[in-house]
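Every chain is numbered from 1, with letters handed out A, B, ... down the list of sequences.
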Number of protein chains: 2
Amino acid sequence: MPTKSKIIYTLTDEAPALATASLLPIVRTFASTADIEVDLSDISLAGRILAAFPERLTEDQRVEDGLAALGELTKDPEANIIKLPNISASVPQLRAAIKELQGQGYDIPEYADNPQTDEQKDANARYSKILGSAVNPVLRQGNSDRRAPAAVKAFARKFPHSMGKWSKASRSHADYMREGDFFSSEQSITMADAGDVRIEFVANGGQPEVKKELSLEKGEVLDSMCMSAKALDAFFEDTLQDCKESGVMWSLHVKATMMKVSHPIVFGHAVRVFYREVFDKYGELFDELGVNPNNGMSSVYEKIKTLPQSKQDEIEEAIHACYEHRPEMAMVDSVKGITNLHIPSDVIVDASMPAMIRNSGQMWGRDGKQKDTKAVMPESTYARIYQEVINFCKTNGAFDPTTMGTVPNVGLMAMKAEEYGSHDKTFEVQADGVMRVVDAAGNVLMQHDVEKGDIWRACQTKDAAIRDWVKLAVNRSRQSETPAVFWLDQERAHDLELTKKVKEYLKEHDTDGLEIHIMSYNEAIRFSMERMIRGLDTISVTGNVLRDYLTDLFPIMELGTSAKMLSIVPMLAGGGMYETGAGGSAPKHVQQVEQENHLRWDSLGEFLALGVSLDELGIKQDNPRARVLAKALDKATETLLENGKSPSRKVGELDNRGSHCYLALYWAQELAAQTEDAELAAEFKPLAEALSANEQKIIAEFIEAQGKPAELDGYYHASLENVAKVMRPSATFNQIIDGFKK
Amino acid sequence: MPTKSKIIYTLTDEAPALATASLLPIVRTFASTADIEVDLSDISLAGRILAAFPERLTEDQRVEDGLAALGELTKDPEANIIKLPNISASVPQLRAAIKELQGQGYDIPEYADNPQTDEQKDANARYSKILGSAVNPVLRQGNSDRRAPAAVKAFARKFPHSMGKWSKASRSHADYMREGDFFSSEQSITMADAGDVRIEFVANGGQPEVKKELSLEKGEVLDSMCMSAKALDAFFEDTLQDCKESGVMWSLHVKATMMKVSHPIVFGHAVRVFYREVFDKYGELFDELGVNPNNGMSSVYEKIKTLPQSKQDEIEEAIHACYEHRPEMAMVDSVKGITNLHIPSDVIVDASMPAMIRNSGQMWGRDGKQKDTKAVMPESTYARIYQEVINFCKTNGAFDPTTMGTVPNVGLMAMKAEEYGSHDKTFEVQADGVMRVVDAAGNVLMQHDVEKGDIWRACQTKDAAIRDWVKLAVNRSRQSETPAVFWLDQERAHDLELTKKVKEYLKEHDTDGLEIHIMSYNEAIRFSMERMIRGLDTISVTGNVLRDYLTDLFPIMELGTSAKMLSIVPMLAGGGMYETGAGGSAPKHVQQVEQENHLRWDSLGEFLALGVSLDELGIKQDNPRARVLAKALDKATETLLENGKSPSRKVGELDNRGSHCYLALYWAQELAAQTEDAELAAEFKPLAEALSANEQKIIAEFIEAQGKPAELDGYYHASLENVAKVMRPSATFNQIIDGFKK
């Protein structure tokens, strides 16, 4: 499908989709000067639903399966995809979309709660491929390359976000297990040949029970590790005692959303230990009621509602009695009294720890005041980096966004490279015994003695993914002229296997003149931070967990948010996908458009992704003009940020559309001013002048359009024509952009 | 003078000299079996006095100049010297010794307060070479090699000293200047050729004033650096404010004794800032009284004694008023109310910081309670390592003497290698202007803009010393099979010059299979500590300051004291000097002998030094039997420690002499039991048996001798015969030792 000089721009849902109607015409106009086509590929929820039922639609109604086509495209070395945030549909969202489409005359089936008929079953089977995180697994066919775009970094340096001052006498710290956790028990093997293995549990005195069968590739790395429930409980108790003695606040930081099997269990242990007396006394009752501590104390409060008021009061009193002898706990919402142990998803380590570090190492107490905190993170594998950061901030003070360097990340993500993501290979052990990995010939490859309640997991990492990751790191180091550090801990079994491969695959590349290191996590983060405070950049080359953690940690220090990061997936096949800022599809943004025709969506992520998309197209396809466009776009973005032309949240002020107008203006001005391509400059000069001359008029037209309800003819599936009408209200602007001919 | 197989044992003063009378016969007996002579060389204060006035003494009275002879010997590659602690005589000590010698009939002159006659002037000139630290400069003709002896380390592992628990929430930390100190201003050059330079001060608008002229060698490194008085004062004020806000105690840690020019000034600044209001109000009066804040608040209290009581009270009230608004200050003696700022020599950083770290990171407050402390150490060059240790202890807990590895040191000390020891090149700047180093041709080699009150200094390091230091590091790494780390900070000018030399001189050695690193101070100490808690050893290869600091820091963690360290000076000429434990000559020990004939002196240092002395003699002179003796001695020392046969402090219990008896017993037993040299074993079997059979009897004889005054016929110059009589009271033991014939 794709040819040279083609960029695929994804049509998604909600706010990003609305913004696209405004931005895409501008992008197409500018890109056309470098002979670049910008195609729109529909991967919206509605589009994916319609594509799933072609036989039920009329010829006119049928749509291409955009996602399937893009999936194919990821195998094309020329693929250049700009990927906007899309809906990961929950069931209610799916049903709403179905209803809307049916109302528009599309004969698509219902999503049944309990499918009975073959037809229902068939429909639900198709819908199951649309539900949830259905897009990323298809498109993320590569490792991850994330960095702070130059424009954003420059902006943060000039207009720094606030950073809480650190006291040298801060008592805050990270606390983690020293034994009995995944780190200390990790085992790892590399498959000499492709082969099948099975994960077995053997209860003491019992027969092997196969928990999972896996087909592994030659060179694939398989890890197994175990967290002792007893050690975990003892650790939690120790941390609580320690806080009680030292007077610092207690807080728990896990990743229950992403590590969705192991960490809710870990969270549940914390709940049981903190409220030990409550669970000791009411354990049986809670079991009857279906209380699940893995869901936090909210589960207790919810389930006991069925009890008589007097019993409820008694239990709540018992809960409050715990607070008397336990240390103060960090609050998620001190106004509403929501503690750190209320809901497991409230404190997500990769966001909560940077927030704490940015906030002088403090969290909020019951009285709403900031306090020094013990950040409890049982898994020592990753927790140690936060302690290193905390010690660093105590010693050197808070990071300074105006001078600090940047730490981009190259993350091992391709081919579902696992670390925590091993949901189908993570088990809560049901009895004392042995968990083991056995090959087809019956050889035991790895084995752990386990006790009831222990958490055991295995993780797979494919050789080809590792090899590509090494290549990506070398390329990134070369292109950014920046040292790259592989974060590999020689005391960790998985990392030892990876180190062998890294050393081998590094030989495949020209690393002359590059600075490439292999360091333990603590060394690596310290090295990076020491450089950082000296204004120097350092690429972190990490596994999937650290990718996730670091691309929040450093951006939040550097930029105040991780949403402004450039997220690139260089495909294994050679193409590239440029993801625009995270942040969900923001239903509230759409509501505001519907009510008062103001779109607060910030297309910064799209600007940045487009810059890289153009630049890489230019490099790969020897299209220097594309690179000139890219460079000018980055400068324009920087000017836009500096001039404060990002969308406001308030009606009657500059919104997404107006912001696009400024982007077009600055972009055209940069192109007119640049000297690399005089012909192009001449071409853009009149455009720049026209936009500049009409700036006031255009903005007035944009503002005038606001303040009354916008007439969108659908939420999930508005017609493009109608959306374009709403999103392009400035006749003057449209005329200039559409009138620009090459 | 020296021939093969000769060990020079130094006769010094006071307790060590007494102990020598007991130990040396044993040593000679054992050494004789390996054809080793043990010669006694008199470098005692009395001996040095007598050697200075031969023309005034009779033939019989004249003595050899032992120190001069030893000085000569240091140039002999076969030199093997066991150096015991000697008196660094103050004037009162010198006078006492003169008086004693005169009383014994030696016609030596007085030491005149104000020499008038030529004779007096001549005498004082001779005495000036005897006063103070007169021995070490003559003998320390090499770099420094310090390590924890195996026996001592093994003992500490089995019988660990107490270590204060560290709280993860500890607020203690080190605080140091981030700008304006020596580190940030350091400049350094290496002399391409030998040449003269001069240090000049040029006041603004004034003429150059030569402060010092230096003749430098080819390849010599010359540094210059400057500490801003303003920055220093601002730093002190900041630390005080910070403590006031955070509530941690304030403490100052300098090295006013050794850095005897620069650090009293630094100390004085701290005093002036802490008691700012007092010095503001009474500054003129204090000047009149001769108060010197560089001597601490003791100077104020002393000098105001001449004032009327009411004025004294007023000033003391003003002092106390400072405490009201200043943070709590760490106390040196909370019972006596002696603060950290009372006397500059009370808190010596290299001892005080390890003590604080060993003590849970805490010092004592006014109420006698341990508290978290800000350890203020203005000079960032070295202070940073303590912060690294503190962060490490917060993260990993206190060091565990039962499992921790060891960090021996190879220190750059030869040819007076300077860092802080640049007393003749350190200046307190008297006016605003420029301090500079100018070569003979008038070229400005280095220069600093300075302000009145700034502290400027230069330091010299000779090329040959550096070259030898590198060799010593490689040899030590090879012999100990231990990684060696050169502590060289690439952000420090001096270290950059040294790094070039280290890299060059490393090429002169076979480093195959050795692990040799160059790391910044923080990296190096972290690397060493990470290995340490894993039971691994790491050699620190450092300059003279870090040598001094680290050979207290690590030994105090590992052994509970630095006195048990083996201190070797491998001479530049090839010989070796083995220094026995520091700790002064302990006049109180002699008093106890005089009163109740109990010598509490612990000869452990001598045992350890002798072990190395024998071993190195064995290696150098291909004398395997010497090495067998050495190995057996080390084992014997270990047994002695384990069996608790070190001297007691109480009369009627085992003392120095009895301890020597056990050493002889265990040493003989080890030699009888060893299988490397069957002949030697056979030789020692009867000795071991005789000692063992007579153990009770001998010890009884030793104990019996105690309890009454010992008749020493001199303090500085007792006769050897008489001392031998006192120190060898067991006829049974003497008979066995003296009767042992090869």
Side-chain angles (χ1 to χ4, degrees), chain A residues 165-176 178 238-239 241-250 327 360-361 371-376 380 383-397 400 489-491 517 519-527 529-531 533-534 536, chain B residues 165-176 178 238-239 241-250 327 360-361 371-376 380 383-397 400 489-491 517 519-527 529-531 533-534 536:
Chain A
K165 197 169 173 276
W166 269 79
S167 165
K168 290 186 168 68
S170 165
R171 319 188 73 181
S172 290
H173 59 273
D175 205 351
Y176 45 90
R178 305 299 168 134
D238 280 352
T239 62
Q241 295 297 339
D242 190 40
C243 282
K244 191 72 190 172
E245 277 167 35
S246 65
V248 299
M249 206 158 59
W250 186 93
S360 310
K371 288 167 195 182
D372 288 352
T373 302
K374 180 193 281 286
V376 176
S380 69
R384 61 186 68 199
I385 68 166
Y386 294 109
Q387 173 68 356
E388 193 71 25
V389 175
I390 289 170
N391 281 337
F392 193 81
C393 290
K394 285 183 192 172
T395 302
N396 299 294
D400 179 357
D489 193 318
Q490 303 305 300
E491 292 188 341
H517 301 280
M519 295 183 181
S520 75
Y521 303 166
N522 274 349
E523 283 178 297
I525 198 157
R526 181 67 179 273
F527 178 77
M529 290 189 297
E530 292 284 358
R531 289 176 56 84
I533 59 169
R534 289 163 175 82
L536 301 170
Chain B
K165 198 169 172 278
W166 269 79
S167 166
K168 290 187 167 69
S170 166
R171 319 188 74 181
S172 291
H173 58 274
D175 205 352
Y176 45 90
R178 304 301 168 133
D238 280 352
T239 62
Q241 295 298 340
D242 190 39
C243 283
K244 192 69 190 172
E245 275 168 36
S246 65
V248 298
M249 204 157 61
W250 187 92
S360 310
K371 289 169 193 179
D372 287 351
T373 301
K374 179 193 283 283
V376 176
S380 70
R384 61 186 68 198
I385 67 167
Y386 294 109
Q387 174 67 357
E388 192 71 25
V389 175
I390 288 170
N391 282 337
F392 194 81
C393 289
K394 284 182 192 172
T395 303
N396 298 293
D400 179 356
D489 194 317
Q490 302 306 299
E491 293 188 341
H517 302 281
M519 296 183 181
S520 75
Y521 304 166
N522 274 350
E523 283 178 297
I525 198 157
R526 181 67 179 276
F527 179 76
M529 290 189 296
E530 292 284 357
R531 290 177 54 84
I533 59 169
R534 289 162 175 83
L536 301 171

Min side-chain heavy-atom separation A/E530-B/E523 under 4.5 Å: no
Ion pair A/K168/B/D175, N-O distance below 4.0 Å: yes
Engaged part of A/D242 at the chain B interface, taking heavy atoms whose separation is under 4.5 Å: side chain
Heavy-atom contact with chain B under 4.5 Å, split by part of A/E245: neither
Contacting region of A/N396 [heavy-atom separation from chain B under 4.5 Å]: both
Which atoms of A/F527 approach chain B - backbone, side chain, both or neither, heavy atom under 4.5 Å: neither
Engaged part of A/R178 at the chain B interface, taking heavy atoms whose separation is under 4.5 Å: side chain
Contacting region of A/T395 [heavy-atom separation from chain B under 4.5 Å]: both
Leading residue by heavy atom contact count with chain B [cutoff under 4.5 Å; candidates A/K374, A/K394, A/R534]: A/R534
Within 6.0 Å of NZ in A/K244, more than 12 heavy atoms from elsewhere: yes
Chain A contact via B/R384 - which portion, at a heavy-atom distance below 4.5 Å: neither
